[in-house]
Amino acid sequence: MKKIIFMSLVSFLIFSCKSSNSATSTKIDSKSQTEIKGNWKISSVNYPGSDVIKVTSFDLADSKCFIGSTWKFISMSNKGNMSLNSPNCTAYSTPITWFINKEGEFILKILDDAKAKTVKSGYVLRVANQNANSFQLVDKINVAGKLTDVVYQFEKVN
């Protein structure tokens with residue numbers, strides 16, 4: 001997951017990747033965003049070596065704690081919330097802000113009771129296999145010098 005630093009620009013965002021300082025596009029893909037609006041849950045988190053490798057997702061919790069988590073995406077305001085509710089993990093809920101850009105990247109800020117413009121970091125994941133009932137967010141992690149995909153499978157709740 002590319003962690004990014006945000007800087008406010010008028011009413012939206014410009015930001016750069018911490019690791020490479022490359023810019024991430026803020027041109028919104030309205031069609032993709034509209035398809036994601038609503039309530040979702042993560043049905044699985046998969047990556048090679050998941051039985052032996054632990055991944056901390058979004059700097060919050062073990063990736064397996066995200067299985068069963070609920071997400072609400074409001075496409076008109078680019079706001080929403082997410083809640084971790086796995087019985088084996090610490091419960092957590094937070095407002096979020098998000099958008100999908102024209103390059104198929106999902107840009108996410110976790111707000112934790114802060115205003116979006118004051119949160120200076122976030123995450124960039126790739127949107128994949130999107131349809132009316134499911135989609136995937138794909139993260140890239142470095143495992144022993146090799147880039148590996150972490151796939152978060154979302155299923156529509158309503």
Side-chain angles (χ1 to χ4, degrees), residues 1-18 23-47 55-141 149-158:
M1 177 175 327
K2 215 171 28 169
K3 189 163 183 180
I4 53 178
I5 297 174
F6 294 99
M7 297 177 290
S8 181
L9 173 70
V10 189
S11 64
F12 221 70
L13 311 166
I14 288 187
F15 40 87
S16 62
C17 176
K18 279 186 177 176
T24 299
S25 172
T26 58
K27 293 183 182 185
I28 293 174
D29 183 342
S30 298
K31 182 177 184 273
S32 292
Q33 283 197 184
T34 301
E35 288 179 0
I36 285 181
K37 77 177 179 180
N39 296 305
W40 298 80
K41 70 174 181 171
I42 294 181
S43 59
S44 66
V45 179
N46 295 304
Y47 54 92
V55 173
T56 299
S57 296
F58 306 103
D59 296 320
L60 292 173
D62 183 275
S63 61
K64 299 302 179 190
C65 291
F66 282 81
I67 298 171
S69 64
T70 56
W71 297 67
K72 181 174 186 167
F73 300 109
I74 304 167
S75 63
M76 295 301 283
S77 66
N78 297 96
K79 296 194 183 303
N81 60 51
M82 56 88 64
S83 296
L84 300 180
N85 47 24
S86 174
N88 300 324
C89 302
T90 303
Y92 176 77
S93 184
T94 186
I96 61 172
T97 187
W98 64 281
F99 69 93
I100 300 172
N101 68 18
K102 294 280 189 184
E103 286 74 34
E105 295 173 319
F106 182 92
I107 290 62
L108 171 70
K109 278 183 166 184
I110 296 173
L111 300 180
D112 283 330
D113 297 327
K115 296 210 180 284
K117 67 182 178 181
T118 63
V119 176
K120 302 296 182 201
S121 64
Y123 305 90
V124 178
L125 297 96
R126 183 174 46 86
V127 178
N129 301 315
Q130 183 180 11
N131 63 50
N133 297 309
S134 67
F135 71 95
Q136 296 170 330
L137 291 181
V138 182
D139 186 14
K140 291 261 187 218
I141 63 168
D149 286 345
V150 178
V151 180
Y152 300 88
Q153 180 67 48
F154 284 78
E155 303 295 331
K156 185 90 170 180
V157 174
N158 63 8

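Each residue takes its place number in the sequence, starting with 1. Just so it is clear, the model here is predicted, and its values are computed rather than measured.
Legend: residues meeting side-chain contact (heavy atoms from CB on, under 4.5 Å) with Ser93, ordered by chain and number and at least two apart, are Ser83. Considering only residues two or more places apart in sequence or on other chains, Asn85 meets the side-chain hydrogen bond (donor to acceptor under 3.5 Å, both in side chains) condition with none of them. Legend: residues meeting side-chain contact (heavy atoms from CB on, under 4.5 Å) with Ser32, ordered by chain and number and at least two apart, are Asp29, Ile100, Gln130. Thr94 meets the side-chain hydrogen bond (donor to acceptor under 3.5 Å, both in side chains) test with Asp112; sequence neighbours excluded. Phe135 meets the ring-ring contact (aromatic ring centres under 6.0 Å, His included) test with Trp40, Phe154; sequence neighbours excluded. Scanning for ring-ring contact (aromatic ring centres under 6.0 Å, His included) contacts around Phe66 gives Phe58, with sequence neighbours left out. Not counting sequence neighbours, Thr90 has no partner by the side-chain contact (heavy atoms from CB on, under 4.5 Å) test. For Gln153, the side-chain contact (heavy atoms from CB on, under 4.5 Å) partners are Ser43, Ser44, Ser134, Gln136, Glu155, not counting sequence neighbours.
Put simply, the side chain of Thr70 never gets that close to the backbone of Lys41: no donor and acceptor are under 3.5 Å apart. Proximity of a side-chain donor or acceptor of Asp149 to a complementary backbone N or O of Val151 within less than 3.5 Å is not detected. Under a 3.5 Å cut-off, the side chain of Trp71 and the backbone N or O of Asn39 do not form any donor-acceptor pair.
Two residues are said to be in side-chain contact when any heavy atoms from C-beta on lie closer than 4.5 Å; Gln33 and Phe73 fail this criterion.
From Trp98, atom CH2 reaches atom CD1 of Ile74 across 9.5 Å, with rounding to the nearest 0.5 Å. Atoms CD1 and CG, from Ile67 and Asn46 in turn, are 7.5 Å apart once rounded to the nearest 0.5 Å. In this structure, the separation between CD1 on Ile36 and CG on Leu137 is 6.5 Å, given to the nearest 0.5 Å. Separation of atoms CD1 (Ile110) and OG1 (Thr97) is listed at 11.5 Å; rounding is to 0.5 Å. With values rounded to the nearest 0.5 angstrom, Ile107 atom CD1 is found 4.5 Å from Phe99 atom CZ. Taken to the nearest 0.5 Å, the CE atom of Met82 stands 7.5 Å off from the CG atom of Leu108.
Smallest separation of non-hydrogen atoms from Ala132 and Lys156: O-CD, 3.9 Å. Heavy-atom minimum distance, Leu84 versus Ser69: CD2-CB, 3.7 Å. The nearest pair of heavy atoms linking Asn133 to Asn131 is N-OD1, 2.7 Å.
Pairs of residues two or more places apart, or lying in two chains, that qualify as disulfide bond (SG atoms under 2.5 Å apart) and include a residue from residues 59-95 are Cys65-Cys89.
Atom NZ of Lys72 sits in a sparse spot, with 12 or fewer heavy atoms from other residues, nucleotides or ligands closer than 6.0 Å.
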